[in-house]
Structures are given as structure tokens and as C-alpha cells.
Number of protein chains: 2
Amino acid sequence: MPKASSGSISSENLASHLGLSDASVRRDLAYFGKFGTPGVGYKAEELKESILAVMSSQCLYRGVLIGVGNLGAALLAYKGLKLANFDIAAAFDRDPKKIGKTYGSVKILDVKELAHFIQQEGIEVAILTVPAQSAQAVADMAVAAGVKGILNFAPVNLSVPEEVLVSQIDLGIELESLLYFLRERTHSAVS
Amino acid sequence: MPKASSGSISSENLASHLGLSDASVRRDLAYFGKFGTPGVGYKAEELKESILAVMSSQCLYRGVLIGVGNLGAALLAYKGLKLANFDIAAAFDRDPKKIGKTYGSVKILDVKELAHFIQQEGIEVAILTVPAQSAQAVADMAVAAGVKGILNFAPVNLSVPEEVLVSQIDLGIELESLLYFLRERTHSAVS
DNA sequence: ACACCTTGTAAAGTTTTTTTCCAAAAAAGA
DNA sequence: TCTTTTTTGGAAAAAAACTTTACAAGGTGT
């Protein structure tokens, strides 16, 4: 592994830490601008600033999280979301025991207020962490109220107008995929 | 959208429900065997049986879940895992308040017993739902004890021997990706 | 001034994914 | 029975995505 010199780091060095090739690192960084200096590499501090600058230059999106079960609560607690210039304006649930509570700085509202809230606040993104059987109905509500993107954790194929972007996350499929590759690997090792 | 005829469904019909092309559906199904009949399509009941047969013909993997926070609890409650012929043999945590409890049929044990349990039970897969700062240490333990695959939810690049398969799930990155495409779409719509 | 690094980017190469195409199989109508 | 229609499975072609190679241009140190 190449060693880091004072304050600077080369694409080769970065690559070895990330498990990529030097060319990939350069290409990916270059996509957003010129952050390095030829013959030297990337100055760590500068690179960090530049990346943060690119990320925060992206316009802010405001979103709601719908369904405060275990998974929803986990996401509310997860700090990584703010990094993406994403702001959870409110969470929604149908359970009266949860409504009115606050997770961090996010308030839990009654799902009946969802449409009104989305319209009033100009919400563009919804994170769906509701049970599978309610997912389509909730998505329909959110889309009708004006949401443009959905991050869907329910194991259901949502049907939405094509101008709405859905990103599907199925934890079961991730696991199956891992197991599949494990089996492939052990099988080919035997044969 | 094509209509379904009694008991049978064509690849084109399946495809339209899944948002794929007919050819893709046929190719993907054919990968595991011949389930359809030319001129007719796939008999729904038969296809379902065949898919279940393929899935359960895959050898069973046993795994442990490490870190019973909100996310861990959500996964323990999620029934989709059993479908993949995957069995969570036990969960682990370091919090004495959680140790000894039972989620569904899964018992929560002390993380100190992790290595011993993995070896004793021949566990092959670990699901990591621990905080980022403990992820590498826990992964090291699991790998040393014999785990061959890791499903990692901590936003950390695990470093493991290359014979160990790691599947990384970063919910923050999923969200960023969604936002990125949303921005791309709205920008190109303007210009 | 010269030798040596290392970036950014274009071009080439590779891999993966998707689509197209068609022989063969099944059903339905003549 | 024979022909037409439908639809599969799989081969071959096409397209797309991803990686690597290659190198001019920009910088550093002697």
C-alpha cells in the first residue's frame, strides 16, 4: 500500500483504501470538478472541503417519513441523512400512542394530516417505512399531494405515475443476494 | 396491459406487472429451469410451486444478528428472511437490559458469547446492525470465529479477508442516490 | 533546466445487461 | 388433419455500463 505524504494523498493511495483503481477515483472526483493538483495529488483538507461544498451546493430537499415502527425509528435516529442535504420535516403514523411524540427534533403527526402537510410545506420526498399492505395506499396519498420521489422500504412494487421516482430497498432481497453469491462461491470451490 | 387468461400468465403479462420486458422475464426464469409451456405461458400455480421449490432447494444458511437496536429489531421482526432459506439462530447485544429477552423465537445473547456460539453452531452468516464505531471490531470477531458472509448495515467499509463476502447496505447512500436522480431530472426538465 | 510525479480526460477495451430473433411446442379453428 | 396463432427457451446481436489504458499538461524538487 502506498504511503501518504504530508497533507496530500494520491488517487492511487485513496484507491487502495477504497478497494478501487486509481483511475476510477480520479474519474469519479473529476466528474464534479478539479480538486487535485498534478504531481502532488489531492490535499486532504481541500478535498474534504470540496466534497462538502459539492454536497451542500445540491439543493435542499425536504421530506417526510411515514411509518414510525422499528425501521422508521432507526432512520429517524440515523444522522447520515442530513449529510445528503435532506431534511425530515415530520414523521407520520396512525398509532395514537405515537402521535405527538418527538424523535430528536422530528415530530410525529397523525397520518390523516399527511396530504395537508405535504401540500402546505411543499414536501418533495417521502420515506415509506409502513407495513407492506398499507404501502400502496400511503404512496398514492403522498403522490396525490405532490411528492416527487419515494424511498420505499416495504416489499411491494409501488405503482406510481412515471414522473415520480421510486427507489426500492428490500432487505430480504439483499440477504438473498448475499446467500446466492455465497452458494455460488462454495459450489465453484468444490467443482 | 395484456389480460390474464384462466390459470396461465404469459411472460409479457408478468413483465408488465413487474415493469420489465417480456424477454427479461423469460431469461430470468429460464436460468433456473423450464417452467413454461410454449403457446400457453406459465401456469400460475405451477410457477409458484417451481419458484418455491428452487428457493427451498437452496441449502439452508444459519446466521446471527448482531446489534439489537431499532434496525436490528426491525430485521428480527421481518418475515422476508425466512423465505430465503435463512435462519437467524440468535441475536447478540452488549446491553444487559436486552440480553436474555426474546424477539419472536430469537433469543438475545451477550455479545461476549458470540465467538463461541458461531463456532459451536457452525454459523456462516452475520448481520451487522451495530453502531459504526463498533462495526469493524465485531466483524473481526465474527470472521475469526468462522463466518463466511456479512450483511453490513453500518456505514463503514469493513476490511475482511477476501474469502469473506461482504454485502454493504447504506441507507444514507440510497437516499442520496434518489435525491441525485431527482435533481438530475428536474434540472434537465428546465433546460 | 531537467527529471520525475500525478492529475484530468479521451479513447479503447471489457464486461454486463438488454433486446432481437427464431425454431420448436402447444392450442384453436378450419 | 392441416394451418394459423400464440408463446416459450435460448442463441446471437446490440446496447449500455463500467474499467482500464494512455498521455498531454501541470506541478515539484534538485
Side-chain angles (χ1 to χ4, degrees), chain A residues 1-51 53-54 57 157 162 165 167-168 170 173-174 176-178 180-181 184-185 188, chain B residues 1-51 53-54 157 162 165-168 170 173-174 176-178 180-181 184-185 188:
Chain A
M1 184 177 302
K3 64 185 173 195
S5 68
S6 65
S8 286
I9 189 166
S10 67
S11 56
E12 189 190 346
N13 198 329
L14 278 168
S16 76
H17 284 283
L18 296 166
L20 301 169
S21 70
D22 54 339
S24 295
V25 169
R26 289 205 298 280
R27 229 197 357 47
D28 291 351
L29 286 174
Y31 182 80
F32 290 103
K34 300 184 182 183
F35 303 131
T37 51
V40 179
Y42 301 89
K43 296 203 175 143
E45 205 51 45
E46 254 177 47
L47 182 57
K48 187 178 153 192
E49 295 300 322
S50 301
I51 290 174
V54 167
S57 78
N157 243 297
E162 68 169 327
L165 217 51
S167 159
Q168 181 74 32
D170 191 324
I173 285 180
E174 298 292 337
E176 286 206 43
S177 167
L178 174 70
Y180 182 78
F181 285 115
E184 267 211 333
R185 178 174 288 194
S188 60
Chain B
M1 185 177 299
K3 64 186 172 194
S5 68
S6 66
S8 286
I9 189 165
S10 66
S11 56
E12 189 189 346
N13 198 330
L14 277 169
S16 76
H17 284 283
L18 296 167
L20 300 169
S21 70
D22 55 338
S24 294
V25 169
R26 287 203 300 280
R27 243 228 305 71
D28 291 351
L29 287 174
Y31 181 80
F32 291 102
K34 299 184 182 184
F35 304 129
T37 51
V40 179
Y42 301 88
K43 297 203 175 143
E45 206 52 45
E46 255 177 46
L47 182 58
K48 186 177 153 192
E49 295 301 322
S50 303
I51 290 174
V54 167
N157 244 298
E162 68 170 325
L165 217 52
V166 175
S167 160
Q168 180 73 34
D170 190 326
I173 284 180
E174 297 293 337
E176 286 205 44
S177 167
L178 175 69
Y180 183 78
F181 285 116
E184 266 210 334
R185 179 175 287 197
S188 61

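First the proteins, then the strands, lettered A, B, ... as listed; each starts at 1. Both backbone and side-chain heavy atoms feed into the values below; hydrogens, waters and symmetry mates do not.
Atom pair Tyr42(B):OH and dA26(C):C1' shows a separation of 14 Å (rounding to whole Å applied). Taking atom CG of residue Leu29(B) and atom P of nucleotide dG10(D), one finds them 12 Å apart after rounding to whole Å. We find that CD of Glu12(A) is positioned 13 Å from P of dT21(D), with the value rounded to whole Å. Separating the CZ atom of Arg27(A) from the P atom of dT19(D) is a distance of 8 Å, rounded to the nearest angstrom. In this structure, Arg26(B) atom CZ and dG10(D) atom C1' are separated by 10 Å, rounded to whole Å. Atom pair Leu20(A):CG and dT20(D):C1' shows a separation of 13 Å (rounding to whole Å applied). Atom CG in Asp28(B) sits roughly 13 Å away from atom C1' in dG10(D) (whole-Å rounding). If you take CZ of Phe32(A) and C1' of dT7(C), they are 18 Å apart, rounded to a whole angstrom.
Arg26(B) CZ to Leu14(B) CG: the interatomic distance, rounded to the nearest 0.5 Å, is 11.0 Å. Taken from OH in Tyr42(A) to OG in Ser8(A), the straight-line distance is 11.5 Å, to the nearest 0.5 Å. To the nearest 0.5 Å, atom CZ of residue Phe181(B) and atom CG of residue Leu165(A) are 8.0 Å apart. Here Asp28(A) contributes atom CG and Leu20(A) contributes atom CG; the two are 7.5 Å apart, rounded to the nearest 0.5 Å. Note that NZ of Lys48(B) is 13.0 Å distant from CD of Glu46(B), once rounded to the nearest 0.5 Å.
Distances from the side chain of Ser24(A) to the nucleotides dT20(D), dT8(D), dT7(C) place dT20(D) closest. Side chain of Ser10(A), nearest nucleotide from dG8(C), dT19(D), dT6(C): dT6(C).
Checked against side-chain contact (heavy atoms from CB on, under 4.5 Å), Asp170(B) has the following partners two or more places apart in sequence or in another chain: Tyr78(A), Pro155(B), Ile173(B).
By the 6.0 Å contact criterion, OH on Tyr180(B) is enclosed, its count of non-hydrogen atoms from other residues, nucleotides or ligands being greater than 12.
Side-chain nitrogen and oxygen atoms of Lys34(B) include none within less than 4.0 Å of the OP1 or OP2 phosphate oxygen of dA25(C). For Ser21(A), a side-chain nitrogen or oxygen approaches OP1 or OP2 of dT20(D) to under 4.0 Å. Within the 4.0 Å cut-off from OP1 or OP2 of dA25(C), not a single side-chain nitrogen or oxygen of Thr37(B) is found.
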Between protein and nucleotides 24-26 of chain D, what N or O pairs are separated by less than 3.5 Å?
from    : atom 1 : to       : atom 2 : distance (Å)
dG26(D) : N2     : Gly39(A) : N      : 3.1

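Both Lys43(A) and Ala23(A) lie near DNA chain D, and the one whose nearest nucleotide falls closer to the 5' end is Ala23(A).
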